[in-house]
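Order of the sequence lines fixes the chain letters, A, B, ..., with proteins taken first and strands second; residue numbering starts at 1 for each chain.
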Number of protein chains: 2
Amino acid sequence: MSVESDLCNALAPGVIVPFAQIEPRYLGDWICHDAEARPIALARPRTTAEVSTVLSRCNQHGVPVVAQGGRTGLAGGATPGSGSVILSMERMRSMEAVDVASSTIAVEAGAVLEAVQQAADRADLLFPLDIGGRGSCTIGGNISTNAGGNRVLRYGMMRDLVLGLEAVLADGTVLTSMNRMQKNNTGYDLKQLFIGAEGTLGVVTRAVLRLFAKPSSVQTALCAVTNYDDVVRLLGAARKSLGADLAAFEVMWPEFYSLATEVAGLRAPLRHGYGAYVLVEAMGTDTGRDQVRFEEFIELALTNGTIVDGVVAKSIRESQDIWKIRDSSGEFQKTFWPYVGFDVSVPIGDIGRFMADCRRRLAARWADAETVWFGHAADSNIHICVRLPGVERLPEEEIDTIVYDCVGDHSGSVSAEHGIGLLKRKFLAKSRSADEIATMRTIKRALDPANILNPGKIFA
Amino acid sequence: MSVESDLCNALAPGVIVPFAQIEPRYLGDWICHDAEARPIALARPRTTAEVSTVLSRCNQHGVPVVAQGGRTGLAGGATPGSGSVILSMERMRSMEAVDVASSTIAVEAGAVLEAVQQAADRADLLFPLDIGGRGSCTIGGNISTNAGGNRVLRYGMMRDLVLGLEAVLADGTVLTSMNRMQKNNTGYDLKQLFIGAEGTLGVVTRAVLRLFAKPSSVQTALCAVTNYDDVVRLLGAARKSLGADLAAFEVMWPEFYSLATEVAGLRAPLRHGYGAYVLVEAMGTDTGRDQVRFEEFIELALTNGTIVDGVVAKSIRESQDIWKIRDSSGEFQKTFWPYVGFDVSVPIGDIGRFMADCRRRLAARWADAETVWFGHAADSNIHICVRLPGVERLPEEEIDTIVYDCVGDHSGSVSAEHGIGLLKRKFLAKSRSADEIATMRTIKRALDPANILNPGKIFA
């Protein structure tokens, strides 16, 4: 019997959608779409038991399964190939009631991030993960890619927000570890295997997520500094003065600041020409006193010369205006286009040297190469956009190679947030040793001996 | 050739200590000593390469290897059996300079916790892990047991404090992942495999640890509440008012408070007879303002009836006096002895029901059973001491079974902090499903096919 017939027989009507009826949106993520792919079928299970049936049947047939959440990934991790079964979690989006005492919520993997944020909010709590795709990305996808975003500095990556997990293994085994406790040292912490594994070790079906008290105060400032050494000094001072309330520390270099304020048309709160611009934000529980502390912190940094200029937002509107500058990168393509983008990380103290080295290497190859730099510096995470003026078809692979070689030489990571998927496979070895990759394969073989779970993703 | 000869030939003089010269302290941890064990030899490597040699040779011979840190464990995880090679990390205790920009320190696994705390302190930073064994326990042991302690609420368990790791696999492969970045999504996060694995998947040789800004203010209060529901209400209010500065939330039930203040001879800051006593502590960055916020929080809790009495420490001395009550459990044995102790966790909202159920089950078996309850309630972690008055030789296994059955029935964990080791193996299934345990074994077989790494620990 074909796998398709087998699945149709084993599952309720409507769960299996044949190839001819698969809508095009299932054929890729935001950045990596394969319109030519001919997957065997689309499975839309409603329960963990149905996920288990899909996997065990596909495992028997040796047919690849590509799990999908909201398909908002940026590395091709959810892009199906020909001959695979797409497993969409979109019908498994139920959420249990918030457990206020534990500050947790248990949800199905297909629950949309924004819906989880809203459920927490209704219980007067915060689910802190927040990324651009919040309206369509799912918790299962957030877990499988170990999503990051704007609040990592204070609340951590998705890995830090998951207390319990349920995943289905390749053979259909349902592994339920729906732990709601902070402390649980009873053998191996199996959930870690599935977080950030991009669907290659199991399909996440449910999770217990950590919630937090909502912060009641927010303070935002934009600071100008002379050079990267002062960025590092400012970060040390912010950690010391603001402690656990430090919530954002976003660095923008001059090319970025110019594009944002000149090209994107935003007001420049500080004059041009400084070495770097830093957005600092704190979130606390005591509006009046937090504001005083924050202003004292900025004033001290000005007085002792760590920063050369600074402006503290006096209203939510002013805070939003500062954030608009940081969030304006989507507008750059109006003039800074086409470009090759990067999401890399480098140890914080080495970012300055890495940048100088990377600029030098690019300039040695293309004297007129233009770069824009910005990122979550306190998380070691830097975004880079590279453009060759007048060149419409960029030599993407050559640019990739130069930048990722430089990342590797500075002990950095070729993917801070987005994962490896299909698109960064060939650069994995810049950040991970041969022994690390071999050990990943050992784990993969142990849990998925028939190699049916998202094969070809992370490593070929 | 015998494994001992092989090791002696392969390693420098002094690395291998023959059985006859092994000092008795190597034959167990704090709680599980096997003076009759006849290990083959003790290896005291000075480098990762020597650890690799020990493991690869033992793997070839199929000889078990039991890694040891400071031997301060409480579950027998480091207790060697006959026929094994003890691998002590005590000579690998070097520490690199603190990386202030990254707020990290790279250390060898044998570095003593207190030495790491002091190195961070000299750089005006904090390494927050703190447990009773700080003067002798090692970072490798802290990692292998996923240590917890007094500051988990604010800084997390050891798992949350490790950014990078180096481990040697059973076959001698050196797996180096000395990442210093907060964000790094390049394939599987292999370090998670070795954290909390009690030396059964690899031997940790080095780690990159996270450091934090030192808090500059501490506020401590002792509160009295009527019942457990109000403990939960107080926790919610503390999270809301104190946010990320909430650093301790320790609950003591009346039997504990009586023993501490009557038997241990400490001053009782609040009168006896309340339903429970809660130590609340906050750590911030702004002494004057933090104190005001903290006092307002306690006053509001009094005004709205969440607490029925409370005292805020006005000095470091007063704060220490409150902590002495919490830390007095070591004194109880003067009168409350012998007892069977437990380190369990239960979802926060269920702790009250769990306690009532557990008391009922114990009383049904022994009408005069006496229990003492206390713990890190905000971490879901409760300690229980059970005593049968007049009984010198306690029926330990029967008491264990009653308590752990109850833990299992309330979806709790039979080991919040201490791990499974040898002592809790038979109760692992109360907290983990058969499929979870089978998956742990799959991982174990994949990474250690000859089963030489601490065999018999966690599972038989």
Could you tell me which non-hydrogen atom of B:A244 sits nearest to which non-hydrogen atom of A:D245, and how far apart they are? CB-OD1, 4.4 Å

Where on A:L125 is there a heavy atom nearer than 4.5 Å to chain B: the side chain, the backbone, both, or neither? neither

Residue from A:D379, A:I443, A:L447 scoring the most non-hydrogen pairs under 4.5 Å with chain B is A:D379

For a 4.5 angstrom cut-off between non-hydrogen side-chain atoms, does B:E436 reach A:S177? yes

Among A:E296, A:E198, A:R293, A:M157, which has the most heavy-atom pairs under 4.5 Å with chain B? A:R293

The interface call for A:S413 against chain B, heavy-atom contacts under 4.5 Å, is both

Counting only non-hydrogen atoms closer than 4.5 Å, does A:S216 touch chain B with its backbone (N, CA, C, O), its side chain (CB onward), both, or neither? neither

Which region of B:K214, side chain (C-beta onward) or backbone (N, CA, C, O), has a non-hydrogen atom less than 4.5 Å from a non-hydrogen atom of chain A, or is it both or neither? both

Can you find a heavy atom in the side chain of A:Y188 that is under 4.5 Å from one in the side chain of B:T200? yes

Among A:L193, A:L201, A:I351, the residue with the most heavy-atom pairs under 4.5 Å to chain B is A:L201

Looking at A:L153, A:N179, A:D124, which one has more heavy-atom pairs under 4.5 Å with chain B than the rest? A:D124

Portion of A:K430 that has a non-hydrogen atom of chain B nearer than 4.5 angstrom: neither

So, do A:D189 and B:Q192 sit near enough that their side-chain heavy atoms are less than 4.5 Å apart? no

Is it the backbone or the side chain of A:A438 that comes under 4.5 Å from a heavy atom of chain B, or both, or neither? neither

Pick one of side chain, backbone, both or neither for A:V414, based on which atoms fall under 4.5 Å of a heavy atom in chain B. both

What part of B:M181 lies closer than 4.5 angstrom to a heavy atom of chain A: side chain, backbone, both or neither? both

Counting only heavy atoms closer than 4.5 Å, note whether B:P215 contacts chain A via side chain, backbone, both or neither. neither

Residue selection (most heavy-atom pairs with chain A, distance under 4.5 Å) from B:V152, B:L235, B:V100: B:V152

Check each atom of B:I437 against the heavy atoms of chain A and say whether the ones under 4.5 Å are side chain, backbone, both or neither. neither

Looking at every non-hydrogen atom in both residues, tell me the closest pair between B:G187 and A:M440 and how far apart they are. CA-SD, 4.0 Å

Side chains of B:S102 and A:I348 in contact at under 4.5 Å (non-hydrogen atoms): yes

Below 4.5 Å from any heavy atom of chain B, which atoms of A:V231 appear? Answer side chain, backbone, both or neither. neither

Highest number of heavy-atom pairs under 4.5 Å with chain B: which of A:N146, A:D160, A:D350? A:N146

Heavy-atom distances under 4.5 Å only: say whether B:L190 touches chain A with side chain, backbone, both or neither. both

A:S431, part contacting chain B, at a heavy-atom distance under 4.5 Å: side chain

Just give me the residue among A:V232, A:I195, A:V292, A:D343 that pairs up with chain B most often, heavy atom to heavy atom, under 4.5 Å. A:V292

Non-hydrogen atoms of chain A under 4.5 Å away: do they reach the side chain of B:F459, the backbone, both or neither? side chain

Using a cut-off of under 4.5 Å for heavy-atom pairs, which of B:G156, B:G419, B:P347, B:A446 has the most such pairs with chain A? B:P347

Region of A:D290 in contact with chain B, defined by heavy-atom distances below 4.5 Å: neither

After noting the C-alpha distance and the side-chain angles of A:R180 and B:S411, does the key distance pass the side chain to side chain donor-acceptor pair (under 3.5 Å) rule? CA-CA 9 Å; A:R180 283 186 286 149; B:S411 304; 5.2 Å; no

Let me know if A:L428 has heavy atoms under 4.5 Å from chain B in its side chain, its backbone, both or neither. side chain

Is A:N381 in contact with chain B via its backbone, its side chain, both, or neither, using a 4.5 Å heavy-atom distance? side chain

Can you see which heavy atom on A:D435 is nearest to which on B:V174, and at what distance? OD2-O, 3.6 Å

Checking heavy atoms, do the side chain of B:L246, its backbone, both or neither come under 4.5 Å from chain A? neither

Measure A:R233 against the heavy atoms of chain B and call it side chain, backbone, both or neither at under 4.5 Å. neither

Report which part of A:I420 has an atom under 4.5 Å of a heavy atom belonging to chain B: side chain, backbone, both, or neither. both

Quick one: do A:D286 and B:R289 make a salt bridge, cutoff under 4.0 Å? no

Leading residue by heavy atom contact count with chain A [cutoff under 4.5 Å; candidates B:V346, B:D99, B:V344, B:L169]: B:V346

Heavy atoms, side chains only, cut-off 4.5 Å: are B:T186 and A:S415 in contact? yes

Looking at B:T145, is its backbone amide N or carbonyl O close enough to the side chain of A:N185 to form a donor-acceptor pair, meaning the two atoms are under 3.5 Å apart? yes

Top contributor to chain A contacts, counting heavy-atom pairs under 4.5 Å, from B:K457, B:M178, B:H376, B:M283: B:H376

Please check if the side chain of B:S345 supplies one atom and the backbone of A:K183 the other of a donor-acceptor pair under 3.5 Å. yes

Side chain, backbone, both or neither: which part of B:R432 has a heavy atom under 4.5 Å from chain A? side chain

Minimal non-hydrogen separation, A:Q182 against B:S380, with atom names: N-OG, 3.6 Å

For the candidates B:G196, B:S241, B:G284, B:G421, which exhibits the highest count of non-hydrogen atom pairs separated by less than 4.5 Å from chain A? B:S241

Pick one of side chain, backbone, both or neither for A:R154, based on which atoms fall under 4.5 Å of a heavy atom in chain B. side chain

